[in-house]
Amino acid sequence: MHLCFRTLPGVKLCTQTCQSIKTSGRRACSGSPFKRSLLAFAEREAQEQPWSANSAGQKQGQQRQDLHLVLVNPQNPQNAGSVARTCAATSVALHLVKPLGFDIDSRKLKRAGLDYWPFVVVKIHDSWQDFYSYFNEQSDPKRLLGFSKRGTKHYATPGTYQAGDWLMFGAETTGLPTEAHTAAVDTQGAVVKIPMIETHVRSLNLAVSVGVGLYEAIRQLDFAQVAAEHK
């Protein structure tokens, strides 16, 4: 195995281990403490047990009961991992709707969520129809709210969010599919828009959009309690 770490332009630090980096078979390495730490990192990576998002935490007792977060066909594992971290920070359940643009055992997905995966309630749905059927089986109150550039309502309009809302975000490249827009209307929800100046930027990063929308929903739902606590 060969690891290369680039720092400043034109500067490259490399470390090498032999194909098997088990303790008895690893090539002896001399050099700086930094290089030795890189070798130690490589060894830990090789010894890691298989992982997938399916093995993330199932702490239903700790999650909020009034909000859910749904990523429909996300393409980037780093974005999905960052969203998972936000869900851990807010105790909001995360739903991933296939097809995904990455494997659920992706190391990039795991690393983006850092060591917060045990605290994220994750459910993976095989298709939009599978997710929508699952949603319809849940107890009321419930609504679907989509976030889209084609939304007609400002995301921070007072009274936009209510207990039982499922916030949907689409793929980085194509946004929410048509069926998600339709479902938002059919469930008495809405399709909202985060405003942006589009002169030089086509869209916001997915993980950023989730953070903006999710925390606004929490702000509106928790406003009375927070206001009372700070009187």
Side-chain angles (χ1 to χ4, degrees), residues 1-7 15 21 38 40-60 62-64 67-132 134-135 144-149 166-177 179-180 194 196 201-215 217:
M1 181 169 59
H2 183 74
L3 299 178
C4 294
F5 294 81
R6 292 192 179 275
T7 52
T15 66
I21 62 173
L38 293 180
F41 172 79
E43 185 168 359
R44 288 196 302 272
E45 287 285 290
Q47 293 176 348
E48 278 186 351
Q49 295 300 314
W51 178 91
S52 97
N54 280 322
S55 62
Q58 296 295 320
K59 300 180 181 297
Q60 286 87 347
Q62 298 180 18
Q63 77 180 56
R64 294 182 67 118
L67 275 177
H68 289 256
L69 197 290
V70 185
L71 298 184
V72 183
N73 313 141
Q75 300 299 299
N76 186 297
Q78 290 94 335
N79 281 336
S82 295
V83 170
R85 182 175 179 176
T86 300
C87 287
T90 54
S91 295
V92 172
L94 173 62
H95 299 260
L96 301 177
V97 181
K98 292 182 176 182
L100 310 177
F102 50 85
D103 294 328
I104 57 174
D105 60 354
S106 165
R107 286 190 174 186
K108 292 180 180 179
L109 177 65
K110 180 184 179 184
R111 288 174 183 167
L114 298 178
D115 54 349
Y116 301 107
W117 281 106
F119 308 102
V120 185
V121 176
V122 181
K123 184 168 180 60
I124 298 172
H125 305 269
D126 289 333
S127 64
W128 167 260
Q129 190 55 52
D130 179 60
F131 163 74
Y132 197 42
Y134 174 84
F135 169 81
L144 291 172
L145 270 76
F147 284 74
S148 171
K149 290 178 64 174
W166 296 51
L167 311 182
M168 301 184 297
F169 295 81
E172 293 88 339
T173 53
T174 57
L176 276 178
E179 51 266 37
I194 299 173
M196 57 173 283
V201 178
R202 292 186 300 274
S203 62
L204 293 175
N205 173 269
L206 174 61
V208 171
S209 298
V210 168
V212 170
L214 179 57
Y215 270 97

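Numbers here simply count residues along the sequence, with the first being 1.
Partners of H125 by side-chain hydrogen bond (donor to acceptor under 3.5 Å, both in side chains), not counting sequence neighbours, listed by chain and number: H95. E179 is linked by a side-chain hydrogen bond (donor to acceptor under 3.5 Å, both in side chains) to nothing, counting only residues two or more places apart in sequence or in another chain.
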Full working for side chain to side chain contact (heavy atoms under 4.5 Å, CB included) between L71 and V210 = CA-CA 9 Å; L71 298 184; V210 168; 4.1 Å; yes
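In this structure, N73 contributes its side chain and K98 its backbone to a donor-acceptor pair below 3.5 Å. Although no hydrogens or angles enter the test, the distance criterion places no donor-acceptor pair under 3.5 Å between the side chain of Q63 and the main chain of A93.
Distance CG/L67 to CH2/W166: 11.0 Å, rounded to 0.5 Å. Between atom CG of residue L69 and atom OG1 of residue T86 there is a gap of 8.0 Å, rounded to the nearest 0.5 Å. M168 CE to H68 NE2: the interatomic distance, rounded to the nearest 0.5 Å, is 13.5 Å. Here the straight-line distance linking atom CH2 of W128 with atom CZ of F131 works out to 5.5 Å at 0.5 Å rounding.
At a threshold of 4.5 Å between non-hydrogen side-chain atoms, the residues N76 and L206 do not count as touching. Side-chain contact between F147 and S209 is absent, with no heavy-atom pair separated by less than 4.5 Å. Contact of the L94 side chain with the L96 side chain is registered, since non-hydrogen atoms from C-beta on lie closer than 4.5 Å. Here the side chains of F169 and P74 are not in contact, with every heavy-atom distance at 4.5 Å or above.
Closest approach of V201 to S203, counting heavy atoms only: CG1-O, 3.2 Å. What you find for Y215 and A89 is that their closest heavy atoms are OH-CB, 4.2 Å. Annotation for Q75 and A171: closest pair CG-CB, 4.2 Å, computed over non-hydrogen atoms. Shown here for N79 and E172, the closest heavy-atom pair between the two residues is ND2-OE2, 3.0 Å. Shown here for A88 and V120, the closest heavy-atom pair between the two residues is CB-CG2, 3.7 Å. Scanning both residues, G213 and I194, for their nearest heavy atoms gives N-CD1, 4.4 Å.
Ring orientation note: the planes of F135 and Y132 are close to parallel, at an angle under 30° on the 30°/60° scale.
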